[in-house]
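In the text below, chain A, chain B and the rest are named by the order of the sequence lines, each starting its count at 1. Basis for what follows: all heavy atoms, side chains included, without hydrogens, waters or symmetry-related copies. Given the structure is predicted, the values throughout are model-derived calculations rather than measurements.
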Amino acid sequence: MPEIFINGQAIEARDDQTVMEVAREHGHFIPYFCWHPQLSVVGNCRMCLVEVEGRGLDIACNMPVAKGMQVFTNSEEVQAHRKAILQFITLNHPVDCGICDKAGECVLQDYHYEYSGQRSLSHDEKVRSTKFYNLSNRILLDNERCILCLRCTRFTHEVSKSMALGVERRGDVSNIRPVEDRPLSEDPYSDNIIDICPVGALLSRQFLHKSRVWFLQPTPSVCPGCARGCTVQIWHRKPEWKLKALDQRQNENIARVTPLDNPAVNGPWICNKGRDLAQMFERVRADEPMLKGRPVTVPAALDEARRLIGAARHPVALVSNWGSNEELETFKDKLGEVFHCFVKQDWQRQPGERIEDDLLIRGDKNPNTTRARELFGHAEPDFKDGTDLVLVWGEGFDFARLPPRAGIIFLNSYLQPENGHADVFLPVSIQTERHGHYTNFEGTISAFEPCFEKKPGVLHAEDLIKALAAPARGHP
Amino acid sequence: MKHLVPEFEKLRERFPAGFESSLALPCLRRIQEDRGYVADSDIEELAVFLGVPQIQIEEVLSFYTQFRRKPIGRWHLQFCHNVSCSMNGAENVLAHVERRLGIKPGQTTPDGRYTLSTVECLGSCGTAPMMMVNDGYHENLTLAKLDELLQGLK
Ligand code: SF4
Ligand code: SF4
Ligand code: FES
Ligand code: FES
């Protein structure tokens, strides 16, 4: 346990640590571009220069701790060199922040403002390079903005292992480039490079010029795309920036999804499916209760559902593994005795989707199979003993498999043909409209928060379950 | 590239296991020596032989300006235009050759005999200005010397 000194503060460091790691742990900020806690150290940007007494300047990210060393992270010497380094890094930078999606969350912008503020001192014309270069079907590359920190190439070599990116040529004409034999389009983790790019060089096609980031706010959530249950941030318009003209649907749309750093589940990464949650959640919604396809009021639908439940002799429930822990527990508590319950797999693997790997992606493409099975067992749905009523909660069950003469109560969020075939159809809210928790395949519980308001005709499943269990005309 | 594989196997023995990507450089040099340039098919085959992604071959190739991706003329004239040579009249001798051959640096004569290039310091500053013709050095260049030399390059 070598003792080292950072800006005069004595710190007990561990033998295997670098000055960068120790400084971060103890709240001494050192700026950096190329260093990343989950990637190998390349030490190529020189932004993390610190001064060590008796040794001069060196980079903190690649400096092992040594007993008694005196490190200064902000001496005059360090400040002067930092400024010079930034001058060097921005020598050919196009300064097109005005049209750059990264503006507002760009480390280069922040550091330049904080530590340099100088315009380019280059006498030559700035080096021109490719903008909006087609890196994959999901990502564009702006080589003029790239500072060649090599985080993106290291990610594809060390984390996703697709080996999809490299650097061609050298010096100020170096370019990040993809290769034909390992297309980045086939890397299901590719979009993480957009997040870890410290500048606006890697751009999401989905998000391109869609919004300035300062109009948006993140809400913590959990990706329901597989049993890993990665924690994510769902970005949507801030209330104070809600559009009052133009297309107001944008106020209710997911602008983008990014990882929520979480060592217990997914670290700083998610897969591309998690980025595409808008496509999952923004399918056309069902927002009216129905009796055999005929729109009715919520109380009327609830009355009929309760009547069916009261009259049934052998009711079966297919419980959604997209239900939150709270909803599943409420169901168990209120209706567990009434119905014979089975867990239903709402979602199956899509054609072409990666089945499973040893990074994040899991074979079970549902978020809460773990808690659902804990409460309702492992048995496959089975309709014997003259099942006369089936409550189907959630999508993905083929109605042709239901017993022909049984009544159907259907709880679903999306506009689907089955809705009209149910005796009672009740629209329920989706994850982005409510609070809850999922239990992932390892038993780790993560929370999601609401981003948007639900429509009036739509019910939260938890309220709905309680209402169905209520004896007579109690409305939620 | 295929016929060079036995040579490459020998080279591989001199490298520790797991350092296959480091073999890219000597293999590429050998390919260029053999074919005169590195063809696309060479990149693909070498990547397979070394078991590395193609980008690692492309990185090496594009880093070193000495590698060529297209055939060049029989005689490759490389003029140094770095400091010492420039101060000793590199521009003059280069302009003279450009005029005589009717091509600019980076170009090859239509008959496929000469390719002209400019390069950085070749470590022969004491005898500036200088150039290389294929693998040989030609130093203390004058216009007369150049004329004589070009006569001899058929
Ligand atoms: S594209 Fe971004 S992450 Fe990749 S090297 Fe350039 S600056 Fe770094
Ligand atoms: S690994 Fe699973 S939970 Fe994580 S982002 Fe991908 S689909 Fe979602
Ligand atoms: S962060 Fe240390 S050199 Fe880039
Ligand atoms: S400058 Fe021409 S050989 Fe050195």
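- Atom CZ of B:Arg29 is surrounded by 12 or fewer heavy atoms from other residues, nucleotides or ligands within 6.0 Å.
- Between atom OG1 of residue A:Thr153 and atom CD of residue B:Glu59 there is a gap of 7.0 Å, rounded to the nearest 0.5 Å.
- Annotation: B:Glu120, atom CD; neighbour count of heavy atoms from other residues, nucleotides and ligands within 6.0 Å is above 12.
- Residue-environment remark: CZ (A:Phe88) stays at or below the threshold of 12 foreign heavy atoms within 6.0 Å.
- Contacts of B:Val52 with chain A are made by backbone atoms alone, with heavy-atom separations under 4.5 Å and no side-chain atom involved.
- In this structure the side chain of A:Arg169 never reaches within 4.5 angstrom of the side chain of B:Thr65, judged on heavy atoms.
- Neither the backbone nor the side chain of B:Glu44 comes within contact range of chain A, judged by heavy atoms closer than 4.5 Å.
- A pairwise comparison of heavy atoms in B:Ser62 and A:Val167 identifies OG-O, 4.3 Å as the closest pair.
- Within 6.0 Å of CG in B:Asn134 there are more than 12 heavy atoms belonging to other residues, nucleotides or ligands.
- Taken from CZ in A:Arg177 to CD in B:Glu58, the straight-line distance is 11.0 Å, to the nearest 0.5 Å.
- Residue-environment remark: CD (A:Gln350) exceeds the threshold of 12 foreign heavy atoms within 6.0 Å.
- Going from atom CZ of B:Phe63 over to atom CD of A:Glu168 covers 13.5 Å, rounded to the nearest 0.5 Å.
- Taking all atoms of both residues into account, the shortest heavy-atom contact from B:Pro53 to A:Met163 is CG-CB, 3.6 Å.
- Few gaps surround NZ on B:Lys154; more than 12 heavy atoms of other groups in view lie less than 6.0 Å from it.
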